[in-house]
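Order of appearance sets the numbers: ligands from 1, and atoms from 1 within every ligand.
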Amino acid sequence: MPNKTTSSASLGEKVSPSSEFKKQATVKSMAEYKRLYAESVSDPEKFWNAQAKELLFWRKPWKQTLEWKEPQAKWFVGGKLNVCENCVDRHVGTPRENKAALIFEGEPGDQQTLTYKQLHVEVCKFANVLESRGIKKGDRIAIYMPMTCEAVVAMLASARIGAIHTVIFGGFSSESIKDRVNDCQAKLVVTADGGWRRGSVVDLKMHVNRAIQDCPTVETVVVVKRIGNTRVSMKTGRDYWYHTVMEGASHKHTAKAFDAETPLFILYTSGSTGKPKGVLHTSGGYLLGTTMTSKYVFDLKDSDTYWCTADIGWITGHSYVTYGILSNGATNLIYEGAPNYPDVNRFWDIVERHRVTIFYTAPTAIRAFMKWGDHHVKKHDLSSLRLLGSVGEPINPEAWKWYYKTIGGGRCPIVDTWWQTETGAIMITTLPGAAYSKPGSAGLPFFGVVPKVFNDAGEEVKKGESGKLVLTQPWPSMLRGLYGDRKRYKETYWSEYKGIYFCGDGCRQDKDGYFWIVGRIDDVLNVSGHRIGTAEVESALVSHGAVAESAVVGRPHELKGSAVVCFVTLKEGVEPTDELRRELREHVGEEIGAIAKPDEVRFAPALPKTRSGKIMRRLLKDIAAGREIAQDTTTLEDLNVVKALQKG
Ligand code: WT7
């Protein structure tokens, strides 16, 4: 809820970590943070050079730390490593080898633990399976899976052989799978016979079957038997059961060394125009950024049991379920299902049973738990927790305080982490043993990150004034481009201000240097911490036969942050009925996925446009929120349109 985070009432408040926490923390004081930060920005190459040597295992040293030809960065040029080896192999043969790497809990309650040694075996086997299906360095594979160990194994095996994975969130529709698979021309898809969500089966294989009818590049589909779905249809010569191919695979696999700039994955994310864009991340810099932030921001220790509730279908699941966490050799809990299945106790029950120490989730979940009531939480022993994290959208101070008191027992620091799919790793936060938090503010820049708040003219605004958040220095885990679209990469991130990365967020920095993110200022909605492009929903709507034109805007929503509101004009002769409203909601669900389903569809005789034909979105936002119209309507083509919209 962007508006609330900036309320002046919350500004003065500071919450400091306890002295016990500070004593054991990786960075123990503000002075230490400031010293390290100053080092990281005064000579970034020296700093990153030292960090890369300390935190990662390299097969071949690099010749040059950074080659920056704006907007194209190459980090650790000439260096070679294997990302999977860093996340798995390097812990085998050490005292960590028999500790749990992954603790899986399925929604029905089934459990599986893989130690680092066992994870190594699984990953080697699956790397052999991929190679036996003809997957080589640079080939793309799509992963459309429930949150299971096999999903993580598939990502790591892909990295191990130098292939490029694209994970598609299990809630996306066949249309979305098709678009992504075709955009990156994937040769192989890893999926499952289903997954559990709120007690029902999500039929992943059926969605894949539908999608790849129109995906000529897909040669192989590997299907994990997750639920024992007897209705699964397998195509001979294309589809293989995971357990069958794994049975015959060798557990020996030699990991090759790859160039630091070898592409690691493509992750599709919504923008303000057109189809989702394929954000491309590479190996060395991405792994360094995620490893280092995991270590410092989550204060990871060997004794921790870490749980991030994000799905691997999002960047949080890439950076802070798979790569950054395993690279540190931590114990990583993954949970397949919904937070309220079989009831609203589930998360706290998991924390209690597994003695989770670090818990990372999104404000939308926190607000839901607040609403469900404290008495559910109070039934559980949450004393194992020592650190809490938040990600995905600004956390409103009310939710922050509830999280702090009710979940953290007033004992656990909260790290509010601002970052993006594009940044790869956390950019702004408060290091938990070093800095105090201000509820609602993400905090201070991480090492090597130089954020500034600009006005439209590209000048830094004064402290306390709002503007656009930019990052002025390249950083190792930054995206390297949009897959197959150099022009869009430049236009989207580097054209607002020449040579400077613009992230799409509005922001304000206070007198203490703390950053307060206001939320997206482009046509991207943040719905439950996920990005939804209004343009995508609009194009889904107009692909329905009844719709002539549509405009989609966000409206503040108590739980989701933003609700999706659609203004729709219908084709000649089509009746605006409730039935059609429902049908359009379902249609958007099928075109994109359930997360994009409109909260409200409003039929309108016409959309408000300027004389030059631009839809007046700000005006629609005011109407959707039931606010007074702030915008000057003198450029409006037809004033009657507004009256009709307010009524309808
Ligand atoms: C957008 C990025 C980063 C992983 C999850 C979302 C918003 C994210 C915060 C935060 C305020 C936040 C921004 C950003 N956002 N974290 N802690 N405080 N806003 O990744 O889908 O790439 O979305 O999420 O608007 O630009 P994403």
Side-chain angles (χ1 to χ4, degrees), residues 1-6 167 169 171-172 265-272 276-279 281 289-290 293-294 297 308-321 323-324 360-366 388-397 399-400 403 414-430 437-446 449 451 468-471 477-479 482 492-493 496 501-509 514-533 536 554 560-562 595-596:
M1 292 171 142
N3 297 335
K4 288 206 174 149
T5 55
T6 54
V167 182
F169 172 57
F172 279 133
F265 66 85
I266 301 163
L267 185 60
Y268 288 86
T269 185
S270 296
S272 46
K277 29 191 202 200
V279 170
H281 281 287
T290 53
T293 45
S294 297
V297 179
C308 165
T309 65
D311 191 280
I312 49 150
W314 312 108
I315 190 69
T316 311
H318 284 62
S319 301
Y320 301 112
V321 174
Y323 293 111
Y360 190 31
T361 197
T364 185
I366 298 166
L388 303 174
S390 172
V391 63
E393 61 176 308
I395 175 166
N396 46 307
W400 196 103
Y403 196 28
I414 296 179
V415 288
D416 179 2
T417 58
W418 178 86
W419 59 295
Q420 308 179 289
T421 304
E422 292 86 344
T423 68
I426 293 165
M427 299 281 107
I428 298 178
T429 190
T430 42
S437 309
K438 296 192 184 193
S441 161
L444 301 166
F446 189 71
V449 178
K468 294 174 178 171
L469 181 63
V470 298
L471 302 174
S477 66
M478 69 195 291
L479 78 165
L482 296 176
T492 310
Y493 307 105
E496 187 82 16
Y501 176 85
F502 172 51
C503 67
D505 282 341
C507 184
R508 186 167 48 81
Q509 192 181 16
Y514 277 54
F515 288 89
W516 297 74
I517 313 291
V518 182
R520 306 288 310 187
I521 51 177
D522 51 10
D523 291 322
V524 174
L525 307 182
N526 191 324
V527 179
S528 302
H530 301 308
R531 268 202 240 177
I532 310 279
E536 261 177 273
K560 305 204 288 188
S562 246
I595 48 166

Exercise for review: Please work out whether the ring planes of Phe265 and His281 are parallel, tilted or perpendicular, with thresholds of 30° and 60°.
Suggested key: tilted
Check your understanding: What atoms of ligand 1 come closer than 4.0 angstrom to any heavy atom of Ile517?
Key -> 11 (C), 19 (N)
Check your understanding: What is the minimum heavy-atom distance between Gly440 and Trp400, and which atoms define it?
Key -> N-CD1, 4.0 Å
Review point. Evaluating non-hydrogen atoms only, which member of Gly561, Ala442, Gly392 is closest to atom 16 (N) of ligand 1?
Key: Gly392
Review point. Are side-chain N/O atoms of Tyr320 and Thr293 paired as donor and acceptor at under 3.5 Å?
Key: yes
Review point. What are the two closest heavy atoms between Glu393 and Thr364, and how far apart are they?
Key: OE2-N, 3.6 Å
Exercise for review: Compute the shortest N/O to N/O distance between Asp505 and ligand 1 and return yes if it is under 3.5 Å, no if not.
Suggested key: yes
Practice item. Below 4.0 angstrom from a heavy atom of Thr316, which ligand 1 atoms are there? Numbered from 1 as shown, please. Key: 4 (C), 5 (C)
Check your understanding: Which of the atoms in ligand 1, numbered in the order shown and given with their element, are less than 4.0 Å from a heavy-atom of Thr417?
Key -> 9 (C), 10 (C), 16 (N), 17 (N)
**Study point:** Glu422, any N or O under 3.5 Å of ligand 1 N or O
**Key:** no
Practice item. Working to the nearest 0.5 Å, report the span between CH2 of Trp418 and CE of Met427. Key: 7.5 Å
Check your understanding: What about Ser390: any of its N or O atoms under 3.5 Å from an N or O on ligand 1?
Key -> no
Practice item. Check each atom of ligand 1 against the heavy atoms of Val391 and keep those under 4.0 Å away; list them by number with element. Key: 3 (C), 4 (C), 5 (C)
Exercise for review: Name the closest protein heavy atom to atom 9 (C) of ligand 1, giving the residue it belongs to and the distance to 0.1 Å.
Suggested key: Glu393 N, 3.5 Å
Exercise for review: Say whether Thr290 and Ser319, considering side chains only, have a donor N or O and an acceptor N or O under 3.5 Å apart.
Suggested key: no
Exercise for review: May I ask you to check whether Tyr360 and Thr417 show a side-chain donor-acceptor distance below 3.5 Å?
Suggested key: yes
Point to revise | For ligand 1, the portion of Thr421 having any non-hydrogen atom under 4.0 Å away | key: both
Exercise for review: In sequence, state the C-alpha distance, the side-chain angles, and the governing distance for Glu422 and Tyr493, and then conclude on side-chain contact (heavy atoms from CB on, under 4.5 Å).
Suggested key: CA-CA 10 Å; Glu422 292 86 344; Tyr493 307 105; 2.7 Å; yes
**Study point:** Minimum-distance protein heavy atom relative to atom 6 (C) of ligand 1
**Key:** Gly529 O, 4.1 Å
Review point. In the protein, what heavy atom is nearest to atom 2 (C) of ligand 1, and what distance, to one decimal place, separates them?
Key: Trp419 O, 3.7 Å
Exercise for review: For ligand 1, note which part of Gln420 has a heavy atom under 4.0 Å away: side chain, backbone, both or neither.
Suggested key: both
**Study point:** Aromatic ring pairing Trp314/Phe169, orientation class (parallel under 30°, perpendicular over 60°, tilted between)
**Key:** tilted
Practice item. Determine whether the side chain, the backbone, both or neither of Pro394 has a heavy atom under 4.0 Å from any heavy atom of ligand 1. Key: both
Review point. Atom NE2 of His530 and atom NZ of Lys560: how far apart are they, to the nearest 0.5 Å?
Key: 11.0 Å
Exercise for review: Under 4.0 Å, heavy atoms only, figure out whether ligand 1 is touched by the backbone of Asn526, its side chain, both or neither.
Suggested key: side chain
Check your understanding: With atoms numbered from 1 as shown, which atoms in ligand 1 lie under 4.0 angstrom from a non-hydrogen atom of Asp416?
Key -> 10 (C), 17 (N)
Point to revise | Which segment of Ile315 sits under 4.0 Å of ligand 1 when only heavy atoms are counted | key: side chain
**Study point:** Closest heavy-atom pair and its distance - Cys507, Leu469
**Key:** CB-CB, 3.7 Å
Study note, to complete from the structure: Ranked by distance from atom 21 (O) of ligand 1, the top protein heavy atom is Arg531 NE, 3.5 Å
